[in-house]
Amino acid sequence: MKKLFLAWEDPITRAWFPVGSLTYKNNWYEFIYLRGAEEAKKIGFSGIWSLNDFDKVYRSQELLPVFSHRIMKKTRPDYPDFISWQNLSETEDDPMVLLSRSGGKKVTDNYEVFPYPEQDKNGAYHLYFFTHGFRYMASETIDRIKKLEVGETLYLMHDSQNDFDSNALMLRTKDFYLLGFCPRYLLNDVFPLLKKYPDAVKVTLERVNLPPAPLQMRLLCHLIVKHDDFQPFSSEMYESLAVPIFR
């Protein structure tokens, strides 16, 4: 079974909520609203178009439009570049993989997609993400990334001066060049573990995409977490509002 989450950001306050989960198993997709959707509703979230019932399990053998519209069409001339920027094979056409790597961001709405991390046979969790906020980085960073090497260890640091999220996590190189922010969906799960068990969390550079790659796909990172206390995305915000068929 493969699983993704859908997050919504309030365009005014920039408050962020996980509002739904998408699972794929036995050729069926299943979408369910999460407790985060109820919290988001308090500040203006009205649900997803055509998915109006918060208490319903939506099942389909076709990917729901809110997700399918976030996947680049293969007929586009820049599709091979788009795939390579995500460090995937040109033959990779699994929608769940494409969504989990790209994040499914669109300028026309305030949604983002992120995956439930995969667990290997040794109990470690693995997750890939692109750094955020690259456009805010200093000009020196642009020159520094040209010297980054795949597999290089990156370091997490707390951004105490962030006006929107006091727990924001930034990424830096060993020589203290700031490379951007970790996605916000990692904060509540990874940040407490990092403070308590620093060696349990590791980030390595998976791929560097130089121009013409867009800024939001410039640095692909690989997060590895291994600790018995790590239970990803298990807070109340991720509780399902309906009883899932897939378990």
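The first residue in the sequence is number 1, and the count goes up from there.
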My understanding is that only residues two or more places apart in sequence, or in another chain, count here; which of them pass side-chain contact (heavy atoms from CB on, under 4.5 Å) with Pro117? Tyr125, Leu127, Pro232, Phe233

Quick one: side chain to side chain donor-acceptor pair (under 3.5 Å) partners of Thr91, sequence neighbours excluded? Ser89

Test of understanding: with side-chain contact (heavy atoms from CB on, under 4.5 Å), list the residues that count as partners of Leu4, not counting sequence neighbours. Leu22, Met96, Leu99, Ser100, Val113, Pro115

Could you list all the salt bridge (Lys or Arg N to Asp or Glu O under 4.0 Å) pairs where at least one residue sits in residues 196-210, not counting sequence neighbours? none

Under the side chain to side chain donor-acceptor pair (under 3.5 Å) definition, can you give me all pairs with a residue in residues 101-110, not counting sequence neighbours? Arg70-Asp109

Test side-chain contact (heavy atoms from CB on, under 4.5 Å) applied to Pro65 - qualifying residues, sequence neighbours left out: Ser68, His69

The criterion is salt bridge (Lys or Arg N to Asp or Glu O under 4.0 Å); which residues satisfy it with Lys2, sequence neighbours excluded? Asp94

According to side chain to side chain donor-acceptor pair (under 3.5 Å), does anything in residues 216-226 pair up with another residue at least two apart or in another chain? List the pairs. His126-His222

Under 3.5 Å, side chain of Asp78 to main-chain N/O of Asp81, donor-acceptor pair present? no

Below 3.5 Å, can you tabulate the donor-acceptor pairs from side chains in residues 44-54 to any protein atom, sequence neighbours excluded?
unit_1	atom_1	unit_2	atom_2	d
Asp53	OD1	Asp55	N	2.9

Going by the salt bridge (Lys or Arg N to Asp or Glu O under 4.0 Å) test, which pairs reach into residues 232-243, not counting sequence neighbours? Arg35-Glu239

Any pair counted as salt bridge (Lys or Arg N to Asp or Glu O under 4.0 Å), so long as it reaches residues 39-49, sequence neighbours left out: Glu39-Lys42

Tell me every residue that passes side-chain contact (heavy atoms from CB on, under 4.5 Å) with Tyr79, counting only those two or more places apart in sequence or in another chain. Met72, Lys74, Ile83, Leu98

